[in-house]
Amino acid sequence: MLHYSITGSGPALVLLHGFPDNKTIWAGVIPLLATQCTVIAPDLPGAGNSPLVGQMLLSDMAAEIAALLQQLGIQKAVIAGHSMGGYTALAFARLYPQMVAGISMINSTSKADDEEKKETRRKVIALISNGGREPFVRQMTPNLFAPQFAQSHPQVLAHKLSIALQMQDEGIINCYQAMIARPDSADVLQKAHFPVQWIRGQHDNIVDFRKSLSECQLSDVNFVYLYRNSGHMSHLEEPEKFVSDLLSFSHFCCNRHPEPTC
Ligand code: MLT
């Protein structure tokens with residue numbers, strides 16, 4: 001079972017963290033989101049306090065999220081996923097579309113890895129297997145932020161690094177294998193009966209907004225936001241704007257189909 005926090009009241013909003021993170025990455029925004037929503041933030045398997053049971057694909061992680069929502073008596077929720085959390089949100093929507101009121105893709109994409117990306121990930125897996133976890137995490141962290149933000153907010157980078165360093169080799173390797181194996185999710189969006197929010201960072205080195213605009217018109221109802229001062233970590237780089245945009249989206253989704261409530 002997933003370790004999670006639940007805060008606030010109102011429509012259900014699930015926050016899925018990215019890689020290599022855990023639910024504490026949302027600590028700065030949860031109190032604000034929870035003034036208007038019931039915010040559920042799990043540790044994905046192999047992150048934080050959630051166990052990894054053998055090798056887990058993103059679809060297995062999605063099944064764990066569905067089990068958690070069922071346990072909480074939540075029939076429908078807005079699922080907001082940051083990067084790998086967004087890939088997981090789409091895996092969830094593929095399996096449990098009836099439980100989705102809306103999907104927020106935060107610095108994320110529906111596209112599968114291309115061959116070059118898969119090869120890079122395989123090299124990282126080899127590096128981690130040879131004891132390279134800490135240098136890898138230290139080297140990747142600054143690259144996740146817009147250069148100006150990184151320069152002016154060293155404490156935010158240090159906080160993000162401390163969270164990333166908590167992930168152990170096994171969890172990192174599993175996430176990379178799961179991301180390599182994930183399918184393209186364009187079909188999920190084409191069939192979507194729910195709205196999709198796209199939050200994009202202008203300085204994102206992982207999801208280039210210029211290359212991934214076409215996917216923002218795959219589903220029928222899309223909201224596209226370009227965060228001009230963000231890299232890959234919009235929820236940390238522009239948190240007030242992020243909270244306001246995610247709350248507006250959640251209300252839009254839940255007022256659209258009042259029953260069953262989310
Ligand atoms: C993340 O932030 O979750 C990862 O950078 C995603 C990825 O490597 O594709």
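Computed from a prediction, not measured in an experiment: that's the story for all the values here. Quick note: residue numbers are just sequence positions, from 1. Counting convention: from 1, in listed order, for ligands and their atoms alike.
- R200 and S212 share a side-chain donor-acceptor pair at under 3.5 Å.
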Which pairs would a plain distance check flag for residues 182-190, meaning a side-chain donor or acceptor within less than 3.5 Å of a matching protein atom at least two apart in sequence or in another chain?
from : atom 1 : to   : atom 2 : distance (Å)
R182 : NH1    : D113 : OD1    : 2.8
R182 : NH1    : M179 : O      : 3.0
R182 : NH2    : K111 : O      : 2.8
R182 : NH2    : D113 : OD1    : 3.3
D184 : OD1    : A186 : N      : 2.9
D187 : OD1    : R94  : NH2    : 3.1
D187 : OD2    : R94  : NH1    : 2.8

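- In this structure, a donor-acceptor pair under 3.5 Å is present between the side chains of D245 and Y227.
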Show which side-chain atoms of residues 9-21 pair as donor or acceptor with protein atoms under 3.5 Å away, not counting sequence neighbours.
from : atom 1 : to   : atom 2 : distance (Å)
H17  : ND1    : D21  : O      : 3.4
H17  : NE2    : L44  : N      : 2.9
D21  : OD1    : K160 : NZ     : 2.5
D21  : OD2    : K160 : NZ     : 3.4

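- Side-chain atoms of S83 and H232 include a donor-acceptor pair closer than 3.5 Å.
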Listing, residues 52-66 side-chain donor-acceptor contacts under 3.5 Å, not counting sequence neighbours, or none:
from : atom 1 : to   : atom 2 : distance (Å)
Q55  : NE2    : Q177 : OE1    : 3.3
D60  : OD2    : L57  : N      : 2.8

Tabulate distances under 3.5 Å between N/O atoms of ligand 1 and N/O atoms of the protein, writing both atom names on each line.
from     : atom 1 : to   : atom 2 : distance (Å)
ligand 1 : 2 (O)  : F19  : O      : 3.3
ligand 1 : 2 (O)  : S83  : OG     : 3.0
ligand 1 : 2 (O)  : H232 : NE2    : 2.9
ligand 1 : 3 (O)  : F19  : N      : 2.8
ligand 1 : 3 (O)  : S83  : OG     : 3.1
ligand 1 : 3 (O)  : M84  : N      : 2.9
ligand 1 : 8 (O)  : R121 : NH1    : 2.9
ligand 1 : 9 (O)  : Y87  : OH     : 2.6
ligand 1 : 9 (O)  : R121 : NH2    : 2.8

